[in-house]
Peer 1: 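First, the structure itself, so that you have it in front of you.
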There are 2 protein chains.
Amino acid sequence: MRANLHASVADRLGGVGSRYTPGRRLVVEVLEEVGRPIEVEEILAVRPDLAQSSVYRNLVVLERADVVHRVVTGDGVGRFELSEGLTEHHHHAICSVCGSIRDITVPPRLERDLQRIVRELGRRIAFSTASHRIDLMGTCSDCARPDPGRP
Amino acid sequence: MRANLHASVADRLGGVGSRYTPGRRLVVEVLEEVGRPIEVEEILAVRPDLAQSSVYRNLVVLERADVVHRVVTGDGVGRFELSEGLTEHHHHAICSVCGSIRDITVPPRLERDLQRIVRELGRRIAFSTASHRIDLMGTCSDCARPDPGRP
DNA sequence: CTCAGTGCAAAGGATTTGCATGCCG
DNA sequence: CGGCATGCAAATCCTTTGCACTGAG
């Protein structure tokens, strides 16, 4: 399924009149490897050869082509992941302490229920729903651990 | 239920050792009147007498006291609303075109299903879930309307 | 008197943009 | 060639912070 990813990406980019350039491929590869929503800073840390502005610009293009998806948490910093269809459908557990995001996949049975609920909601409010997102907000295991620095 | 709001707010503020000052009350009143998540800019537009920095600072305090809740959408601009318990439990329909957020309340039957799903998810991943959030992402009716500016 | 709260202006950090250059179709 | 893509640096935007002042307890 790996080879297929880049084909799909190229395809979606073509759909909006953009090319799949080396720089964009590097970004996609980083997102694929990391497998969770990450900040631009993290992308640059992995690939210092990329120009910051190009990464930002490419993320805009990739987002418009629906290759990546932007997630924003309470800390106001944008984080990016591969879009639905390029990865498994999933949701997020967002830590309100450190802002980290963990992907969670929902068991099929529950996911089916979710789909039903979301569909019904969209119908009720005449809102053209492209996708849904369930975020659990709370405290991740790291931050839940009692702080050794303060008794 | 209106008088009760400010009592609750004062209470929650007291809980974190802060006072319910006039400036904070104004912010809360704006949020109450508007009834949907709004940006600082919008708060200042309604109450130009408030100092920008004070609004930001007070929102931090109000957030820590769990009086307001920060919602961040794809555009990276923070929006604020009154917290759960001060308003009805609700979710959001986020327009991916203009970034606007519309509150939606979920019928009790569906909400009950949601609660069950969320609870089960949290249990599965050992994540201490404080709250959940269901966002519908799509296009609001305003943005869905064909753009008159471009044939 | 003391300390949280306020206002103004300046700083900060993430993201965007202007401009010249490089490169694919 | 023409236009998208890139890099660098400067600009912009939202948000935070420093500092002096005010007010409540």
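Per chain, numbering begins at 1; letters A, B, ... match sequence-line order. Remember, predicted model here, so these are calculated numbers, not experimental data.
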Peer 1: Does the separation of the ring centres of B:His89 and B:His132 fall below 6.0 angstrom?
Peer 2: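 Yes - the distance between ring centres of B:His89 and B:His132 falls below the 6.0 Å cut-off.
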
Peer 1: Specify the closest pair of heavy atoms between B:Asn58 and B:Arg24, including all atoms of both residues, with the distance to one decimal.
Peer 2: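 Heavy-atom minimum between the residues: OD1-NE, 2.7 Å.
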
Peer 1: Measure CG/A:Asp75 against C1'/C:dA14 and give the value in whole Å, please.
Peer 2: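 Answer to the nearest Å: 11 Å.
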
Peer 1: Is there a side chain to side chain contact (heavy atoms under 4.5 Å, CB included) between B:Phe80 and B:Val71 once you walk through the steps?
Peer 2: CA-CA 6 Å; B:Phe80 297 84; B:Val71 190; over 6 Å; no

Peer 1: Rounding to an integer number of Å, can you tell me how far B:Leu13 CG sits from C:dA4 C1'?
Peer 2: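 Distance check: B:Leu13 CG to C:dA4 C1' gives 12 Å.
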
Peer 1: Check B:Glu120 with A:Arg109, please: is the shortest side-chain N to carboxylate O separation under 4.0 Å?
Peer 2: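 Salt bridge: yes.
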
Peer 1: Rounding to an integer number of Å, can you tell me how far A:Leu44 CG sits from D:dT6 P?
Peer 2: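 One finds 14 Å between P of D:dT6 and CG of A:Leu44, rounded.
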
Peer 1: Among residues 21-29 of chain B, which residues get a heavy atom nearer than 4.0 Å to DNA chain C?
Peer 2: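 Correct list: B:Thr21, B:Gly23, B:Arg24.
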
Peer 1: Produce a footprint string for nucleotides 16-25 of chain D: one letter per nucleotide, 5' end first; B if the base is under 4.0 Å from any protein heavy atom, S if only the sugar-phosphate is, - if neither.
Peer 2: BBB-----S-

Peer 1: Roughly how many Å is it from CZ in B:Arg79 to P in D:dT15, rounded to a whole number?
Peer 2: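 Those two atoms, CZ and P, are 10 Å apart.
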
Peer 1: Quick one: list whatever passes ring pair (Phe, Tyr, Trp, His ring centres under 6.0 Å) with B:His90, sequence neighbours left out.
Peer 2: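 Scan of B:His90 (ring pair (Phe, Tyr, Trp, His ring centres under 6.0 Å), adjacent residues dropped) gives B:His92.
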
Peer 1: Nearest-Å distance, CD (B:Glu63) to P (D:dT15)?
Peer 2: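 After rounding, the gap between these two atoms is 12 Å.
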
Peer 1: What's the CG-C1' distance between A:Leu59 and D:dT6, to the nearest Å?
Peer 2: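 Spelled out: CG on A:Leu59 to C1' on D:dT6 is 14 Å.
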
Peer 1: Tell me whether the OP1 or OP2 atom of D:dT6 has a side-chain N or O from A:Asn58 closer than 4.0 Å.
Peer 2: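 Looking at the OP1 and OP2 atoms of D:dT6, one of them is under 4.0 Å from a side-chain N or O of A:Asn58.
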
Peer 1: Expressed as a whole number of angstroms, how long is the span from B:Glu42:CD to D:dC14:C1'?
Peer 2: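 One finds 14 Å between C1' of D:dC14 and CD of B:Glu42, rounded.
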
Peer 1: Does a salt bridge link B:Arg79 with B:Glu41, judged by any charged N lying under 4.0 Å from a carboxylate O?
Peer 2: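 Here B:Arg79 does not pair with B:Glu41 in a salt bridge, since their nearest N and O are not under 4.0 Å apart.
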
Peer 1: Assess whether a salt bridge exists between B:Asp66 and B:Arg12, defined as any Lys/Arg side-chain N lying under 4.0 Å from an Asp/Glu carboxylate O.
Peer 2: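 So B:Asp66 pairs with B:Arg12 through a salt bridge.
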
Peer 1: Mind checking A:Gly78 for me? I need base, sugar-phosphate or nothing, with any heavy atom below 4.0 Å counting as a touch.
Peer 2: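 It contacts sugar-phosphate atoms only.
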
Peer 1: Rounded off to whole Å, could you give me the CG-to-P distance for the B:Asp49 and C:dG5 pair?
Peer 2: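 It is 19 Å, rounded to the nearest whole Å.
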
Peer 1: Can you check whether B:Ile134's main-chain N or O pairs, donor with acceptor, with B:His91's side chain at less than 3.5 Å?
Peer 2: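 Between the backbone of B:Ile134 and the side chain of B:His91 there is a qualifying donor-acceptor contact (under 3.5 Å).
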
Peer 1: Tell me if a side-chain donor or acceptor on A:Glu42 pairs with a main-chain N or O of A:Glu39 at a distance below 3.5 Å.
Peer 2: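 Between the backbone of A:Glu39 and the side chain of A:Glu42 there is a qualifying donor-acceptor contact (under 3.5 Å).
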
